[in-house]
2 protein chains.
Amino acid sequence: MATTKPLTRIQEKNRALVLDAALEVFSREGFRGATLDAIAREAGLSKPNLLYYFPSKEEIHITLLEGLVDTWLDPLRALDEDGDPQEELRAYVRRKLQMSRDFPRESRLFAQEIVQGAPRIERGLSTDLKTLVDAKASVIARWQKAGRLAPVDPHHLIFSIWSLTQHYADFEVQVRAVLGPDRDPLTEAEAFLDTLFTRLLAP
Amino acid sequence: MATTKPLTRIQEKNRALVLDAALEVFSREGFRGATLDAIAREAGLSKPNLLYYFPSKEEIHITLLEGLVDTWLDPLRALDEDGDPQEELRAYVRRKLQMSRDFPRESRLFAQEIVQGAPRIERGLSTDLKTLVDAKASVIARWQKAGRLAPVDPHHLIFSIWSLTQHYADFEVQVRAVLGPDRDPLTEAEAFLDTLFTRLLAP
DNA sequence: CGTGGTCTTGACCATTTGGTCAAAAAGAAA
DNA sequence: TTTCTTTTTGACCAAATGGTCAAGACCACG
């Protein structure tokens with residue numbers, strides 16, 4: 001097992017610097033489009049210096065994605081079976097939308113990875129992700145069985161939340177192009193999605 | 001203006017061959033990840049031969065995207081003001097979902113382009129796309145004013161259709177990973193989305 | 001046939017890019 | 001200061017990649 005040696009202060013700082021720069025570049029250019037030079041420049045380090053902190057471009061990418069999946073699932077984890085079903089789900093939508101607002105780069109990085117067949121995170125997909133989603137789908141199913149929620153397929157309900165919220169981060173350029181420069185997509189989306197899910201979830 | 005010379009039969013055939021191969025490779029690997037060698041191999045041509053039909057990698061990509069935007073908007077164009085509002089919109093959803101089933105590569109290619117900021121189709125976005133969407137949004141608004149549709153924001157309604165339907169093509173790997181191998185995502189989606197929009201659109 | 005255009009390709013090239021290395025420049029510890 | 005470790009970098013390298021070119025193969029048609 002990896003006997004993770006404690007990182008020095010400089011290592012701590014510079015690894016974070018690299019990861020942030022890499023997030024910026026990877027999310028903008030994709031894995032293949034991102035160059036080590038570009039990441040190094042963005043991080044304010046020389047290329048060899050960058051490779052002193054990470055052994056390879058791929059390693060940076062993997063590190064980034066691994067940290068991501070967890071954060072990504074947090075809002076779903078917070079779904080509480082003991083709460084009010086409709087309010088719990090609407091709150092989930094709001095949390096996801098908030099992530100599109102606060103972490104668009106992360107959302108796009110993740111989206112690009114999935115669109116390309118998730119070559120670097122298959123593991124996390126079929127295990128961690130599926131496990132959690134199945135568990136929460138069961139919660140939703142129980143709510144429905146108790147008549148507290150409309151009987152729509154729980155898995156697809158979750159997909160719909162993902163797609164509707166992430167759309168505003170991943171396809172931001174398109175949304176802005178269509179709405180024009182004077183409208184605020186995310187604020188409007190919040191109201192729209194609240195209406196949508198209120199109508200969808202009522203028993 | 002481009003005095004488009006008539007293409008020979010061989011040109012016709014091989015250009016189509018190249019475009020199909022390019023669609024396959026671009027949609028799988030992204031623009032930067034796709035190599036001319038890979039496209040040539042997929043097309044069954046030599047690299048110089050490929051470049052005999054298209055002057056550059058970028059030109060192939062652009063040709064592909066231009067042909068795409070139109071096809072992409074067809075289902076929306078078909079939205080008919082004189083039809084039944086709810087049925088028209090549900091039919092639009094079905095058509096878009098059908099495209100996710102029939103043309104997932106096209107969907108993914110388009111998605112990747114947008115996620116990366118649409119560097120190669122900005123023109124089409126702020127003109128063609130916006131124009132058409134604004135027009136159809138007006139149609140929806142009139143339907144709503146007549147009390148034939150729930151008063152939800154027309155633009156976001158259209159976004160929701162895009163995101164929900166394209167999700168099944170663009171994030172197919174994720175959807176399959178979560179649903180497991182025995183479920184058919186698209187068939188289930190059709191039923192789910194029909195329910196969703198029935199509930200959302202009722203006045 | 002032959003001839004003029006179309007199509008195809010092997011060899012080649014310049015640039016980009018991921019990654020290495022040895023040696024210099026900081027730090028830390030004494 | 002001295003010494004030992006950690007950081008930093010300029011110079012390089014090999015492979016990959018987009019693209020060129022001249023010459024040959026193929027083809028239509030008078």
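Sequence lines set the chain letters: A, B, ... in the order given, protein chains first and strands last, and positions in each chain run from 1.
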> How close or far is atom C1' of D/dT17 from atom CG of B/L51, stated in whole angstroms?
Replying inline: 11 Å

>> Please enumerate all residues that pass salt bridge (Lys or Arg N to Asp or Glu O under 4.0 Å) together with A/K47, with sequence neighbours excluded.
In response: A/D37

> To the nearest angstrom, how far is A/F54 atom CZ from D/dT7 atom P?
Replying inline: 13 Å

> A/R41 CZ to D/dT9 P: how many Å, rounded?
Replying inline: 15 Å

> Hey, does the Lys NZ or Arg CZ of A/R120 hover above the aromatic six-ring of A/F31, less than 6.0 Å from the centre and inside 45° of the axis?
Replying inline: yes

>> Under 4.0 Å, heavy atoms only, any strand: does B/A34 hit a base, just the sugar-phosphate, or nothing?
In response: sugar-phosphate

> Over how many whole Å does the gap from A/L36 atom CG to C/dG18 atom P extend?
Replying inline: 4 Å

>> B/H156 vs A/Y168, test: ring pair (Phe, Tyr, Trp, His ring centres under 6.0 Å). Steps then yes/no.
In response: CA-CA 10 Å; B/H156 290 272; A/Y168 290 93; 5.6 Å; yes

>> Without decimals, in angstroms, what is the distance between A/R15 CZ and D/dT7 C1'?
In response: 15 Å

> With Watson-Crick and G-U wobble geometry limited to distances under 3.5 Å, how should the secondary structure of DNA chain D be encoded in dot-bracket form, using | for bases paired to another strand and [ ] for crossing pairs?
Replying inline: ||||||||||||||||||||||||||||||

>> In whole Å, I'd like the distance from the CD atom of A/E29 to the P atom of C/dG18.
In response: 12 Å

> Closest heavy-atom contact between B/R101 and B/T187?
Replying inline: NH1-OG1, 4.1 Å

>> Whether A/R32 contacts C/dT17 is assessed here as follows: a side-chain N or O lying under 4.0 Å from the phosphate OP1 or OP2. Is that the case?
In response: no

> B/K57 NZ to D/dT17 P: how many Å, rounded?
Replying inline: 9 Å

Anything under 3.5 Å between a protein N or O and an N or O of nucleotides 4-10 of chain C, put it in a table, one pair a line.
| unit_1 | atom_1 | unit_2 | atom_2 | d |
| --- | --- | --- | --- | --- |
| C/dC7 | OP1 | B/T8 | OG1 | 2.5 |
| C/dC7 | OP2 | B/Q11 | NE2 | 2.8 |
| C/dC7 | OP2 | B/Y52 | OH | 3.1 |
| C/dT8 | OP2 | B/N14 | ND2 | 3.2 |
| C/dT8 | OP2 | B/N49 | OD1 | 3.3 |
| C/dT8 | OP2 | B/N49 | ND2 | 3.1 |
| C/dT8 | OP2 | B/Y53 | OH | 2.5 |
| C/dT8 | O5' | B/N49 | OD1 | 3.3 |
| C/dT9 | OP2 | B/S46 | OG | 3.2 |
| C/dT9 | OP2 | B/N49 | OD1 | 3.4 |

> So which heavy atom on A/P55 is nearest to which on A/L51, and how close?
Replying inline: O-CD2, 3.9 Å

> To the nearest angstrom, how far is A/H61 atom NE2 from C/dG18 atom C1'?
Replying inline: 15 Å

